[in-house]
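This report refers to the structure that appears directly beneath it.
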Amino acid sequence: VPCAMSGFEFKNLKKTTFVSLIGYAKDKQELTAFTDRLSLEVLLQKEIENLEIHESVVSAIETKTESELLNNYYKQCYLDNVLRGGTPLLFETKSGTVGYHLYSRKHGDLERDYNFFSIEPAFYSQGNGNFRDVLQNRRNDLFFYPEIKDFNIYQFTSLIQADGYNPLSIEGVKFTFHGTLKDYPKNLETILKKEFTPGEVATALYNINHEVEETLKTILKESEVVVKANFGEGYWEDHFTYHYDLFESFLSIYPDHLKELMFERQVPFFTSPVKVLPRSEKYVLTKDGKVRQYGAIKHDHSQHSGWLTNHEGKIKVNIYGKLLTLVLNKFGHLDPYGIGLSYEGDKPGWNDAMNGVPGLFGSGVSETIELKKLVEFLIETSRKHTDEQVILLETTKTLADQLAQIHAEAPFDAWQQRMTALEDYRDALENEQNVTAYPVKDFMSILNQINQTLEQAIQKAKAVDKVYPTYLTYEATSYEVIKDASGKDVIGHYGLPLVKVLAFDMKPLPIFLEAPARYLKTLASKDEAKEIYESVKRTGLYDQKHKFYQTSVSLDDYGHEIGRIRAFTPGWLERESNFLHMTYKYLLGLLKAGLYDEFYQEIQTNYTCFMDPEVYGRSPLENSSFLATSSNPDPKKHGQGFVSRLTGSTAEMLSMWRYMFFGKQLFKFEDGELIFELSPKLNQSLFKDGLVEVKLFNKTQVIYHLESACDTYDPKTYVSHMTLHKANETLEVNGSQVKGMWTKDIRNGNV
């Protein structure tokens with residue numbers, strides 16, 4: 001744990017300056033050489049340099065509105081987002097443009113003492129991170145660094161396994177060198193013979209006083225990227241739901257690259273030494289006579305994380321094929337009532353404190369909502385590119401064919417058939433795999449069939465509760481114990497008798513904020529969104545005292561078996577607190593659903609920057625993991641923030657910023673023409689002297705002039721004209737759209 005302590009005796013000091021220095025040196029010789037260069041003047045200059053580095057990072061989101069608090073809050077959120085997801089340093093390689101994310105480290109925060117926290121002690125330092133965190137915190141990269149193009153999509157879709165799951169631990173990227181060693185200094189030979197990081201090369205060059213940056217760029221041009229990851233623990237059901245955000249961002253800026261992205265870009269399959277077991281090996285009878293799902297995954301300790309290969313080498317499919325693989329796997333474990341996606345891989349969704357729910361045959365409606373959005377995206381892509389080819393594992397094509405043949409009327413029978421097909425598929429993955437190209441139109445029928453089933457699933461969920469339940473659990477109402485040939489109970493690897501379930505009864509948990517937030521963000525019409533919004537405010541999801549939201553209604557009536565969340569005090573950690581990431585996800589849902597007046601009203605009491613710091617208990621520019629709600633038994637804690645700063649709330653803030661200041665779709669591709677359009681969703685209160693300034697792509701200054709008092713999202717309001725400046729040229733445009741050559745100049749940051 002990095003730490004430092006200093007002890008001083010103060011006597012009759014008029015003015016004294018103390019400097020504490022915390023760092024790393026590999027040996028005493030390096031430490032001595034370093035400290036010999038230090039003086040008070042040098043250290044005070046380092047303080048200035050440190051400030052300049054921070055300012056250079058946060059200048060990417062320079063925003064000028066009427067509210068100085070909001071302007072600075074955007075900067076702090078951006079900085080904290082960088083510490084969690086990194087900021088991309090762009091390298092040209094044999095694999096194309098690669099975003100090497102500086103500063104990225106697990107949860108972003110050294111203060112989180114429960115983290116296994118690893119940072120490379122070299123230049124261009126990267127750290128480890130968790131899949132969900134890193135993916136979310138990079139989803140808006142393109143609005144600051146469009147040059148990164150599809151690299152984030154490449155990295156994270158590569159990590160999707162053939163069974164639809166992914167590893168937890170993300171360890172950045174490394175490179176393999178394919179050039180000539182003799183062209184470079186001899187001290188690089190050992191480094192370049194194995195997988196290396198830019199930091200290793202830069203540090204070695206620096207140590208011999210050799211030119212660093214240009215040499216490193218030349219080496220990387222002759223190198224290929226290697227994505228690094230490890231299984232970690234468990235298979236979270238919600239991890240796949242964050243992929244679509246990367247595609248949405250990409251297509252907002254590169255809609256003209258859809259075909260190239262989906263059908264020409266190829267990615268490998270990550271493999272973990274961990275398999276999700278079939279029902280016959282994880283449905284167990286407990287000692288107190290309850291049927292549960294325990295020991296759902298099994299490790300093969302003879303294997304390690306790696307990449308799927310066959311006799312020809314690493315197997316690759318195109319990105320359409322990878323997303324189709326993901327969809328088929330997720331649809332395969334739609335729950336026994338055909339509503340939620342089953343938590344059949346030992347973990348729930350993001351809310352780890354609900355860790356008992358998988359044992360209760362739990363499923364998530366949030367994941368169903370997100371799966372439907374992904375299916376709709378594939379259907380839309382298929383319609384635009386009917387003549388393209390899908391590269392797919394032959395085994396996955398068999399799974400698609402089997403799922404297409406399921407037409408059972410009874411939900412339980414359909415579930416049995418889906419799960420059997422999925423389990424057969426997982427068994428088949430144990431054999432050597434081969435890929436084949438299939439016409440995209442071959443999959444339209446199964447995609448439409450899945451889409452229709454998911455639409456029915458969402459309607460069933462709404463029948464359970466009109467604001468949409470988040471978690472469903474299932475009780476086995478009929479089962480039989482599995483016997484061996486001698487009539488004895490078969491004992492599973494978890495040490496309990498195995499059973500076959502013959503019937504389930506659904507038992508929904510109390511409502512959480514997660515599912516309505518997801519529905520608003522992805523599927524809701526404006527009218528339905530308004531109905532959900534008003535319904536939520538009438539429930540215990542809304543804290544009337546503070547006018548903010550909490551994770552769920554009261555859980556008092558439920559036992560500890562749902563997870564450790566029940567052991568927390570109400571209004572604390574994930575239990576009935578204002579979990580800021582979840583609240584901000586809900587606010588983003590309001591914005592994306594078109595509830596603009598409601599959104600601007602809600603941020604006044606939900607953005608921490610507008611909270612009373614005497615109540616919040618810290619700088620309002622800093623986020624907290626959670627705020628204690630009035631559900632908490634200690635009134636002194638109400639409204640106070642705990643566990644500082646680095647949460648996924650920053651990703652939601654950047655998404656809100658993007659939608660507020662630019663609109664949903666910056667670029668469109670219609671009839672072979674690229675179109676740029678600004679469609680800000682700004683309340684008139686944000687304008688200072690009729691102006692709002694914001695930076696796009698970390699280069700382009702965008703200034704909105706308000707000609708008369710109005711909200712820019714008012715249906716009667718429109719962009720009347722634009723003036724564009726490029727080098728020595730100026731272009732006047734009537735309306736909100738730019739067409740022709742200037743569109744690519746805008747995208748390249750030249751306007």
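In this text, all values refer to a predicted model and were calculated from it rather than measured experimentally.
When each of Val225, Ile319, Thr97 is checked for a side chain to side chain contact (heavy atoms under 4.5 Å, CB included) with Tyr154, only Val225 meets the rule. Applying side chain to side chain donor-acceptor pair (under 3.5 Å) to Thr241 and the options Arg132, Arg518, Glu370, Lys373 leaves one that passes, Arg518.
Looking at Lys322, its side chain does come within 3.5 Å of a backbone N or O of Ile160 through a donor-acceptor pair. Without hydrogens or angle criteria, Asn748 side chain to Asn750 main chain gives no donor-acceptor distance under 3.5 Å. A donor-acceptor pair is defined here as one N or O able to donate and one able to accept, closer than 3.5 Å; no such pair exists between the side chain of Thr647 and the backbone of His581. Not a single donor-acceptor pair under 3.5 Å links the side chain of Arg138 to the backbone N or O of Gln136. A distance-only check finds no donor-acceptor pair linking the side chain of Tyr468 to the backbone of Ile532 [under 3.5 Å]. The main-chain N or O of Gly749 is never found under 3.5 Å from a side-chain atom of Lys699 such that the two would form a donor-acceptor pair. A distance-only check finds no donor-acceptor pair linking the side chain of Asn137 to the backbone of Ser104 [under 3.5 Å]. Side-chain atoms of Gln665 never come within 3.5 Å of backbone atoms of Lys668 as a donor-acceptor pair (strictly under, hydrogens ignored). The backbone N or O of Leu627 lies less than 3.5 Å from no partner atom in the side chain of Ser624, so there is not a single donor-acceptor pair. Remark: side-chain polar atoms of Ser249 are not paired, donor with acceptor, to backbone N or O of Asn140 under 3.5 angstrom.
Between Glu248 and Arg139 there is no salt bridge, since no side-chain nitrogen of the basic residue lies less than 4.0 Å from a carboxylate oxygen of the acidic one. Ion pairing between Lys46 and Glu49 holds under the 4.0 Å rule for side-chain N and carboxylate O. We find that Glu652 and Lys521 are not joined by a salt bridge, their nearest charged nitrogen and carboxylate oxygen being 4.0 Å or further apart. Between Lys217 and Glu213 there is no salt bridge, since none of the side-chain N atoms of the basic residue sits less than 4.0 Å from a carboxylate O of the acidic one.
Applying the salt bridge (charged side-chain N to carboxylate O under 4.0 Å, His left out) test to residues at least two apart or on different chains, the pairs with a partner in residues 708-723 are Asp714-Lys716. For residues 673-707, the set of pairs meeting the ring-ring contact (aromatic ring centres under 6.0 Å, His included) definition, not counting sequence neighbours, comprises Phe667-Phe676. A ring-ring contact (aromatic ring centres under 6.0 Å, His included) check over residues 713-741, counting only residues at least two apart or in different chains, returns the pairs Tyr596-Tyr713, Tyr600-Tyr713.
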Pair Thr65, Asn71 - check side-chain hydrogen bond (donor to acceptor under 3.5 Å, both in side chains), show working. CA-CA 7 Å; Thr65 69; Asn71 300 342; 2.8 Å; yes
ring-ring contact (aromatic ring centres under 6.0 Å, His included) evaluation trace for Phe144 with Tyr78: CA-CA 11 Å; Phe144 303 99; Tyr78 185 84; 4.8 Å; yes
Assess whether ring-ring contact (aromatic ring centres under 6.0 Å, His included) is satisfied between Tyr584 and Tyr607, documenting all intermediate values. CA-CA 8 Å; Tyr584 281 11; Tyr607 276 11; 5.5 Å; yes
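Counting only heavy atoms from C-beta outward, the side chains of His101 and Val134 never approach each other to under 4.5 Å. In this structure the side chain of Tyr659 reaches within 4.5 angstrom of the side chain of Lys664, judged on heavy atoms.
In summary, the aromatic rings of Tyr242 and Trp350 are positioned with their centroids too far apart to meet the 6.0 Å limit.
Legend: residues meeting side chain to side chain contact (heavy atoms under 4.5 Å, CB included) with Lys739, ordered by chain and number and at least two apart, are Glu673, Ile675, Gln737. Judged as a side-chain hydrogen bond (donor to acceptor under 3.5 Å, both in side chains), and not counting sequence neighbours, the contacts of Asn166 are His239. Gln701 pairs by the side-chain hydrogen bond (donor to acceptor under 3.5 Å, both in side chains) definition with Glu693, not counting sequence neighbours.
The structure places CG of Leu102 at 11.5 Å from CG of Leu83, a figure rounded to the nearest 0.5 Å. Rounded to the nearest 0.5 Å, atoms OH (Tyr74) and NZ (Lys695) are 16.0 Å apart. Rounded to the nearest 0.5 Å, atoms OG1 (Thr712) and CZ (Phe661) are 9.5 Å apart.
Side chains of Asp80 and Asn623: a donor-acceptor N/O pair is absent below 3.5 angstrom, by distance only. Remark: the Asp527 side chain and the Ser525 side chain contain no N/O donor-acceptor pair separated by less than 3.5 Å. Side-chain contact check for Thr197 and Glu120: at least one donor-acceptor pair (N or O, by modelled atom type) lies under 3.5 Å.
Taking the six-membered ring where tryptophan is involved, the planes of His243 and Phe156 are perpendicular, since the angle between them exceeds 60° and thus also 30°. Classified by interplanar angle (parallel below 30°, tilted 30° to 60°, perpendicular above 60°), the ring pair Phe175/Tyr100 is tilted. Using bins of under 30°, 30° to 60° and over 60° for the plane-to-plane angle, the ring pair Tyr533/Tyr586 lands in the parallel bin. Ring pair Phe548/His546 is parallel by interplanar angle, where below 30° counts as parallel and above 60° as perpendicular.
Heavy-atom neighbours of Lys259 NZ from other residues, nucleotides or ligands within 6.0 Å: at or below the threshold of 12.
Annotation for Asn318 and Val390: closest pair ND2-CA, 3.9 Å, computed over non-hydrogen atoms.
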